[in-house]
Amino acid sequence: MPSFASQHPVRADQEGHHPRRGHIETTQVLVRLVKMAEAVEEKIKNYRTAPFDARFPNTNQTRNCFQNYLDFHRCNKALSDKGQDVTPCGWYQRVYKTLCPMSWVSKWDDQIEAGSFPGKI
Amino acid sequence: MPSLLGVVAKQLRSHPALIPLFVFIGGGATMSMLYLSRLALKNPDVSWDRKNNPEPWNNMAPNQQYKLFTVNMDYSKLKKDRPDF
């Protein structure tokens, strides 16, 4: 981490904001986000099928399908609220398109448009 | 019958060969009750909270194993592979 030469030590102001530390921390967070987004894009490009999910180890994968559908919409909502790029959410879309029957997906999409979707998004 | 335990004890004293029967039946009943309570309390699909709508299966680690016996599945090699949001 570069340290800027200064005659006087840089102190935080009364509200606790440190001028240079804020700048460096924001940059680090942004770099981490970009790296994560690139890793997810790589994973989406090399997607073959839905991976094993330890939360749903049994034959009945209904909940797996529904959870990924919910996670896709929750991810879209959360990332667009934060103003970030929504492409990492494409992972959840690939997984639920793999697992869910098309009739369920179209029914839920219609319900979301009509505002009657029963899940919590 | 005033005391079921007293009657059973008297019968056992006169027919001690019945003791293994009690042991095995009692052991079987205990094991089934233990498995039912494991299902009721530890199963990630079960939630006793009626007010909120928690999703307890989401609190599992990516390599946490719930099943008692798995075939051809090495849980220690699993990693977290979902994007955060």
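Computation of the quantities below employed the complete heavy-atom set of this structure, encompassing side-chain atoms and omitting hydrogens, waters and symmetry-equivalent molecules.
- Remark: the backbone N or O of A:Ala54 is not paired with any side-chain donor or acceptor of B:Tyr66 at under 3.5 angstrom.
- When heavy atoms are compared at a cutoff of 4.5 Å, A:Gln84 does not approach chain B at all.
- Distance check: A:Tyr92 OH to B:Arg82 CZ gives 5.5 Å after rounding to the nearest 0.5 Å.
- Using a 4.5 Å cut-off between side-chain heavy atoms of Ile, Leu, Val, Met, Phe, Trp and Tyr, with links allowed through other members, A:Met102 and A:Leu99 fall into different hydrophobic clusters.
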For this session: Could you give me the CA-CA distance, side-chain angles and deciding distance for B:Asp45 and A:Arg63, then say whether salt bridge (Lys or Arg N to Asp or Glu O under 4.0 Å) is met?
Result: CA-CA 9 Å; B:Asp45 283 333; A:Arg63 194 163 256 162; 2.9 Å; yes
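- Rounding to the nearest 0.5 Å gives a distance of 6.0 Å between CD of B:Glu55 and NZ of A:Lys120.
- Only the side chain of A:Leu70 has a heavy atom closer than 4.5 Å to any heavy atom of chain B.
- Proximity to chain B is absent for every atom of A:Asn76, based on heavy atoms less than 4.5 angstrom apart.
- Using a 4.5 Å cut-off between heavy atoms, A:Lys43 touches chain B through its side chain atoms alone.
- A:Tyr47 and A:Tyr96 fall within the same hydrophobic cluster, where Ile, Leu, Val, Met, Phe, Trp and Tyr residues are linked whenever their side-chain heavy atoms come under 4.5 Å apart, directly or through other members.
- Both B:Ile19 and B:Ile25 belong to a common hydrophobic cluster when Ile, Leu, Val, Met, Phe, Trp and Tyr are linked at side-chain heavy-atom distances under 4.5 angstrom.
- For A:Phe72 and B:Phe85, the ring centers sit 6.0 Å or farther from each other.
- Placement of A:Leu30 and A:Val40 in two distinct hydrophobic clusters is found when ILVMFWY residues are connected by side-chain heavy-atom separations under 4.5 Å, directly or transitively.
- Annotation: B:Leu5, atom CG; neighbour count of heavy atoms from other residues, nucleotides and ligands within 6.0 Å does not exceed 12.
- Heavy-atom pairs under 4.5 Å with chain B peak, among A:Pro57, A:Cys89, A:Ala78, at A:Pro57.
- Both B:Leu18 and B:Val23 belong to a common hydrophobic cluster when Ile, Leu, Val, Met, Phe, Trp and Tyr are linked at side-chain heavy-atom distances under 4.5 angstrom.
- Counting heavy-atom neighbours within 6.0 Å of A:Lys35 NZ, excluding the residue itself, gives a total of 12 or less.
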